[in-house]
Number of protein chains: 2
Amino acid sequence: MTTAQERFAEQELPYNVFSKACPSRGTLEHVTGRWGALTLGALYEGSFRFNELRRRVDGVSEKMLSQTLHALERDGLVHREAQPTNPPRVDYELTPLGREVTERLMSLIQFVEGRMDDVLAARERYDSARAPR
Amino acid sequence: MTTAQERFAEQELPYNVFSKACPSRGTLEHVTGRWGALTLGALYEGSFRFNELRRRVDGVSEKMLSQTLHALERDGLVHREAQPTNPPRVDYELTPLGREVTERLMSLIQFVEGRMDDVLAARERYDSARAPR
DNA sequence: CCGTATCCCATCCGATACTG
DNA sequence: CAGTATCGGATGGGATACGG
């Protein structure tokens, strides 16, 4: 049994996200995509039902949340727990792998949030430098 | 002088990426977007010229690289150094803030790359569970 | 070499309606 | 409650051509 990395190495392709053909690029996009990052971040706080998640991720539509959760579940980052009751109850939570990913994602998110004043100041400098009149 | 966070607090809005109105959501999308993440990752290795970057970020078009670099420069994460020579020479590099952001981004990227076999295995389980025939 | 401008298509995504 | 189905507009993004 060889790993995916080893199979790529045989073709002399770099096995990393900078290579168009590497599957990690797709997974990274699920994780960092517009709704993927926010969904993982919300689930970092605990286990939630579908509509609870919708309220936590401000602005996400039913369609996109559903799509996002499916992609993350398929990648093994989110676990879906459906109870066959009526009305149905479904809970979503991070898998151990998903939690490790999200720890690193949250480090990034919180850093960006904390430095927004720097970013906003940079924008003003940039804009005023090229639209003086 | 108040910070952006304080102004949001006055409106009793959470100042974080989960709130639709918070500007940090837009910046996070620049950082984690399809080409933003890869461009920052490439610049983490050093200073590069436009076409050097294009080769490092496999698959990016001129248009998207240009657009991505502008957004990151505007947010104060990338510095553009143009030398008025002929032919022109332009170098891009991370700012100190950009470097701090990218450190956290690279932690995420490298973790995902290293766990791709787990992700791929999860996908096979997911797919075979719902398309048996 | 370092881009910008234009065209055009694919996909993303929100709104709405409907099902179990 | 927890979704799926469908539609149409907005956006993303590649190809090409052109300008400094």
Side-chain angles (χ1 to χ4, degrees), chain A residues 17-21 25-39 42-43 47-74 78-93 126 129-131, chain B residues 17-21 25-39 42-43 47-74 78-93 126 129-131:
Chain A
V17 90
F18 298 102
S19 170
K20 193 163 52 174
R25 186 180 283 195
T27 297
L28 184 69
E29 282 169 19
H30 295 160
V31 170
T32 62
R34 182 168 179 196
W35 301 120
L38 299 178
T39 301
L43 286 171
S47 170
F48 295 103
R49 303 172 66 173
F50 188 84
N51 283 303
E52 286 177 331
L53 275 175
R54 261 200 88 188
R55 281 186 290 277
R56 285 185 167 249
V57 180
D58 187 21
V60 70
S61 66
E62 287 188 356
K63 175 182 162 182
M64 291 316 297
L65 181 57
S66 172
Q67 221 171 83
T68 300
L69 284 169
H70 280 307
L72 295 175
E73 187 193 356
R74 190 167 102 99
V78 164
H79 175 68
R80 179 179 189 275
E81 183 90 21
Q83 291 167 34
T85 59
N86 195 314
R89 178 186 177 101
V90 182
D91 288 274
Y92 294 92
E93 61 187 348
Y126 183 95
R130 63 208 71 208
Chain B
V17 88
F18 298 103
S19 170
K20 194 163 50 173
R25 186 180 282 194
T27 297
L28 185 68
E29 282 168 18
H30 296 159
V31 170
T32 63
R34 181 167 181 197
W35 301 120
L38 299 179
T39 300
L43 286 172
S47 170
F48 295 104
R49 305 173 65 175
F50 188 84
N51 283 305
E52 287 177 331
L53 274 176
R54 261 200 89 188
R55 282 186 290 276
R56 285 185 168 251
V57 181
D58 187 21
V60 70
S61 67
E62 286 189 356
K63 174 182 161 181
M64 291 316 298
L65 181 57
S66 173
Q67 218 171 84
T68 300
L69 284 168
H70 278 308
L72 295 175
E73 188 192 356
R74 191 167 102 97
V78 164
H79 175 68
R80 179 179 189 275
E81 183 89 21
Q83 290 168 34
T85 58
N86 195 314
R89 177 187 177 100
V90 183
D91 289 274
Y92 294 92
E93 62 187 348
Y126 182 96
R130 64 208 69 209

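Chain letters run A, B, ... following the sequence lines, proteins first and then strands; every chain starts at 1.
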Colleague: Among D:dG3, C:dC13, D:dG13, which is the nearest nucleotide to the side chain of A:Tyr92?
Modeller: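 The answer is D:dG3, which lies nearest to the side chain.
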
Colleague: What integer distance in Å separates B:Leu38:CG from D:dG12:P?
Modeller: 17 Å

Colleague: Report yes if a side-chain nitrogen or oxygen of B:Arg34 is closer than 4.0 Å to either non-bridging phosphate oxygen (OP1 or OP2) of D:dG13; otherwise report no.
Modeller: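 B:Arg34 to D:dG13 OP1/OP2: side-chain N or O found under 4.0 Å.
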
Colleague: Among D:dA2, C:dC2, D:dT6, which nucleotide sits nearest the side chain of A:Lys63?
Modeller: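 Shortest atom-to-atom distance from the side chain points to D:dT6.
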
Colleague: What is the separation between atom CH2 on B:Trp35 and atom P on D:dG12, rounded to the nearest whole Å?
Modeller: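 The answer, rounded to whole Å, is 14 Å.
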
Colleague: Hey, does B:Leu72 have a side-chain heavy atom less than 4.5 Å from the side chain of B:Leu43?
Modeller: no

Colleague: Under 4.5 Å between any side-chain heavy atoms of B:Tyr92 and B:Glu52, yes or no?
Modeller: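 Side-chain contact under 4.5 Å: no.
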
Colleague: Below 4.0 angstrom from OP1 or OP2 of D:dG3, is there any side-chain N or O of A:Arg80?
Modeller: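 It does, given that an N or O in the side chain of A:Arg80 lies less than 4.0 Å from OP1 or OP2 of D:dG3.
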
Colleague: OP1, OP2 of C:dG3 versus side-chain N and O of B:His70: anything below 4.0 Å?
Modeller: no

Colleague: If I take atom CG in residue B:Asn86 and atom C1' in nucleotide C:dC1, what distance separates them, rounded to the nearest angstrom?
Modeller: 9 Å

Colleague: Can you tell which of A:Asp58, A:Thr68, A:Val57, A:Leu53 makes a side-chain contact (heavy atoms from CB on, under 4.5 Å) with A:Leu38?
Modeller: A:Val57

Colleague: Does B:Asn51 have a side-chain nitrogen or oxygen under 4.0 Å from the phosphate oxygens OP1 or OP2 of C:dC2?
Modeller: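 Checking C:dC2 against B:Asn51, a side-chain N or O does come within under 4.0 Å of OP1 or OP2.
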
Colleague: Please determine if a side-chain N or O atom of B:Arg54 lies less than 4.0 Å away from the OP1 or OP2 oxygen of D:dG14.
Modeller: no

Colleague: Rounded off to whole Å, could you give me the CD-to-C1' distance for the A:Glu62 and D:dT6 pair?
Modeller: 14 Å

Colleague: Would you check if A:Arg34 and A:Val60 make a side-chain contact, meaning some heavy-atom pair closer than 4.5 Å?
Modeller: no

Colleague: Distance check needed: D:dT16 C1' versus B:Met64 CE, whole Å only.
Modeller: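 Rounded to the whole Å, the gap is 17 Å.
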
Colleague: I need the CG-P distance between B:Leu53 and C:dG3, as an integer number of Å.
Modeller: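 Atom CG in B:Leu53 sits about 10 Å away from atom P in C:dG3.
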
Colleague: Without decimals, in angstroms, what is the distance between B:Leu65 CG and C:dG3 P?
Modeller: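 Going from CG in B:Leu65 over to P in C:dG3 covers 9 Å.
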
Colleague: For B:Arg89 and D:dG20, give me the distance from atom CZ to atom C1', rounded to whole Å.
Modeller: 18 Å

Colleague: Let me spell it out: for each of A:Ser66 and B:Val60, pick the nucleotide of DNA chain D with the closest heavy atom. Which residue's pick is nearer the 5' end?
Modeller: A:Ser66

Colleague: When you measure from the side chain of A:Ser66 to the backbone N and O of A:Glu62, does any donor-acceptor pair fall under 3.5 Å?
Modeller: no

Colleague: Go nucleotide by nucleotide along DNA chain C from the 5' end; which of A:Ser61 and B:Pro88 gets its closest nucleotide reached first?
Modeller: B:Pro88

Colleague: Closer than 4.0 Å, any side-chain N/O of A:Arg49 to the OP1 or OP2 of D:dA2?
Modeller: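 True: A:Arg49 side-chain N/O within range (under 4.0 Å) of D:dA2 OP1/OP2.
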
